[in-house]
2 protein chains.
Amino acid sequence: MQRIEDKFAVLATDNAPGQEGRQKASDLGNLLRGEPIPGKPVDFSHGDVDAFEPTPGSFAAFSAGVESGAEQAYTVYRGKEDIRAHLAERLAGFTGAPVAPETELIITPGTQGALFLAVASCVTAGDKAAIVQPDYFANRKLVQFFGAEIVPVKLDYLSAKDHAGLDLTQLEDAFKCGARVFVFSNPNNPAGVVYSEAEIDSIARLAQTYGATVIVDQLYSRLLYDGYHYTHLRARSDAPHNLITIIGPSKTESLSGYRVGAAFGTAALIDRMEKLQAIVSLRAGGYSQSVLRTWFAEPPGWMQERIGLHQSIRDALLLRLRSVAGLEARTPQAGSYLFPRLPALAVPHPTFVTILRQQAGVTVTAGAEFGPHSTDSIRFNFSQDHEAAVHAVERTCALIERYRK
Amino acid sequence: MQRIEDKFAVLATDNAPGQEGRQKASDLGNLLRGEPIPGKPVDFSHGDVDAFEPTPGSFAAFSAGVESGAEQAYTVYRGKEDIRAHLAERLAGFTGAPVAPETELIITPGTQGALFLAVASCVTAGDKAAIVQPDYFANRKLVQFFGAEIVPVKLDYLSAKDHAGLDLTQLEDAFKCGARVFVFSNPNNPAGVVYSEAEIDSIARLAQTYGATVIVDQLYSRLLYDGYHYTHLRARSDAPHNLITIIGPSKTESLSGYRVGAAFGTAALIDRMEKLQAIVSLRAGGYSQSVLRTWFAEPPGWMQERIGLHQSIRDALLLRLRSVAGLEARTPQAGSYLFPRLPALAVPHPTFVTILRQQAGVTVTAGAEFGPHSTDSIRFNFSQDHEAAVHAVERTCALIERYRK
């Protein structure tokens, strides 16, 4: 039996994005070089919803939900019927395959809530689950929390050119050695790369062959940059029989404060997710569900403008970062994460993350959060005020030079 | 190893409050007697927030949260610092013992979220947990979901007079046979009875003696009727070393649509709860946390008025119910649940619950949801429009007579 102390040991959140404020002040003493670099502090651990505001109409939709009273406060656990009907249609349109609102869709407390329920619904103690390295840290933690074993699959995102870089041999080996679940984010968090059509079809074929369940977190799939193509696994002809797709309006649409998301796919898994939601939080916040009425229904041109603004920040930051000798950065194809690999430094990389916050007012997420092979990388969420972000990255570059080995 | 199908089998929600709309239409065919009784449908499965509206200022507090932007959208996982500081002071005042805002308090997605995190933080596979019968159905489901075994402890609420009626010998036996966790609601859901000071002190003493962790769900403890006294376990001199108290504004304050609650107590358990919250839903909805600024800070007289209105509905319903021969109902001391035991009927009691909905437009929760010894009882949440509730209970009484054995 797994001891409860061990269950929780894998859930350390000290370095998780947004938790920096709870860290004890570090005594960096004689490691520090030079003086602090002044500048407006930027927290790249998450997007800035003051710089990129919530979608137009979202607050009005929430208010209307409160106004409508009891029927919106107490919905069925999987979410209000008419909102699911609306959403199913839009999600079907976006992903290119039908979604049955009654049986194949659940509204959740954010995409995090969707991911938790999805993993819990197909992973239990003693199972094996294939997890990409690097990938969103919760994937690994969720699998471990339920007492299952991780089988890592490497993503060689830095070398790959026109695909994400998934090691398909390792994925097949994972299935061969007994993994029955594959969890991955597309676009990849933290690397911002999009899986190619060929990669998605290989994942589909392997999942079919080995009878594996696939959970794909498509949180950032709407924020797709010029020149790239996105492939929805669920719309492929040989999509896995057991498949859950996850998406939410917390990032691109800046609606994180409302805490709503959605999962859709195999009805039997959605049923399990609803049963579990009943004891986890009953339902996604009733009034917040109303905000989903505005989702995939933004004003014309709004999304294009948002994508353009992000693309220009991306390019400005890449320009600065690539001026640093020895730094490697792949151009993000979607989403708002940049995940450069830093050159060798005179201090350990996790210490550099602390120094960066103390000396430059720049908060980033340490690469170690995303897997064991990316400890020399740092993640920026560049959904920020353009000028402030550029200046913060310039300070970052200056500190990399200062601490270079 | 527990099979995942078995894990989810214990989570059936078909008869859970609020899920009635998802049931397939039952063919009651030749069981039905007589014609439907007309009247305004009343859903007693939960309180009606149209009849008892959210606390004054709650929507304004939410709006201010949205207005304040990023700092309210992305809080640390355990909830925004200044809101925790405000809340800790009020909760300390209410319960009569200090609460350290930094270490002993977490804001959760409703009290359901608090209960999930609390149980998950001290129960794991192979453990034993003492559970009251009858009690809130999620207590049992949560313990079973984590692979632990339930040790039932009987609550003889119908016979007890000036106490709740907990079988303390059974509780001690549960601890003797290895239960290391005790979960209970006070006031009891569904029976509406409050544990006496002597009962609370016995629970404290037994927990101390056997080193047990206690989770007490005090969701309805503010809605206390005339002539009754409430004892806060956490303020007793011999309170258990490991103790989590749960409360939220979803019921008395009608803020369920915002989905926020709180858990407070032993710092090491709150730490675990935060780590788990990070992978379950990250945080309680950021903007919704703002609503807690109004909690325990209602306008003078508001709570007294709300209690008085509920007390008069309670008394009006009890008067009708007690006119039915063979029906037993204890007077609720707190909260808005009434849990009468029905006389013998010509149809099974769960079938009667369906008939009641079909023939009288009255939705109640079947007693079987709360434990195996209360299948002949039904639960009313009487936080409803007074007149509509009285008429619905009159229709209920008429149908009990019609289906009497």
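Below, read A as the first sequence line, B as the second, and so on, with proteins coming before strands; counting in each chain starts at 1. Side-chain atoms are counted along with the backbone in the values below, which use heavy atoms only and exclude waters and symmetry mates.
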J.: What part of A:F59 is in contact with chain B, defined as an atom under 4.5 angstrom from a non-hydrogen atom: side chain, backbone, both or neither?
T.: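 Only the side chain of A:F59 comes within 4.5 Å of chain B.
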J.: Only pairs of heavy atoms separated by less than 4.5 Å count here; which of B:A120, B:S288, B:G65 has the most with chain A?
T.: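 Result: the option with the highest number of such pairs is B:A120.
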J.: Heavy-atom distances under 4.5 Å only: say whether A:P17 touches chain B with side chain, backbone, both or neither.
T.: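 Looking at A:P17, backbone and side chain both touch chain B.
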J.: Quick one: which of B:I4, B:L115, B:V49, B:D127 has the most heavy-atom pairs under 4.5 Å with chain A, could you say?
T.: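 With the most close heavy-atom pairs to chain A, the winner is B:I4.
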J.: Keeping B:Q72 on the side-chain end and A:G257 on the backbone end, is there a donor-acceptor pair under 3.5 Å?
T.: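 Pair absent, no side-chain N/O of B:Q72 close to backbone of A:G257.
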J.: My understanding is that only residues two or more places apart in sequence, or in another chain, count here; which of them pass ring pair (Phe, Tyr, Trp, His ring centres under 6.0 Å) with A:Y337?
T.: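 Listed in chain order: A:Y220.
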J.: Does any backbone or side-chain atom of A:Y287 lie under 4.5 Å from a heavy atom of chain B? Answer side chain, backbone, both or neither.
T.: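 When you check distances to chain B, atoms from both the backbone and side chain of A:Y287 fall under 4.5 Å.
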J.: Taking the six-membered ring for Trp, are B:F62 and A:F62 ring centroids under 6.0 Å apart?
T.: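 That pair passes the under 6.0 Å test.
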J.: Between A:F116 and B:F116, is a ring pair (Phe, Tyr, Trp, His ring centres under 6.0 Å) present by the stated rule, with each step listed?
T.: CA-CA 13 Å; A:F116 174 81; B:F116 174 80; 5.8 Å; yes
J.: In terms of heavy-atom pairs under 4.5 Å, which option from B:S121, B:G261, B:S250, B:G286 contacts chain A the most?
T.: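 Of the candidates given, the most pairs with chain A belong to B:S121.
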J.: Which pair of non-hydrogen atoms, one from B:K7 and one from A:F146, has the smallest distance, and what is that distance?
T.: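 Looks like NZ-CD2, 4.0 Å.
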J.: So which part of B:V123 gets closer than 4.5 Å to some heavy atom of chain A, the side chain, the backbone, both or neither?
T.: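 The backbone, not the side chain.
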J.: B:D43, B:L276, B:L117, B:D48: which one forms the most heavy-atom pairs within less than 4.5 Å of chain A?
T.: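 Among B:D43, B:L276, B:L117, B:D48, the one with the most close pairs to chain A is B:L276.
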J.: Sort A:V280 into side chain, backbone, both or neither according to what part of it lies under 4.5 angstrom from a heavy atom of chain B.
T.: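 Both backbone and side chain of A:V280 come within 4.5 Å of chain B.
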J.: At a heavy-atom separation under 4.5 Å, does A:E102 approach chain B through its side chain, its backbone, both, or neither?
T.: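 For A:E102, backbone and side chain are both near chain B.
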J.: Using a cut-off of under 4.5 Å for heavy-atom pairs, which of B:P109, B:S256, B:G18, B:A138 has the most such pairs with chain A?
T.: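 Among the listed options, the one with the most contacts to chain A is B:S256.
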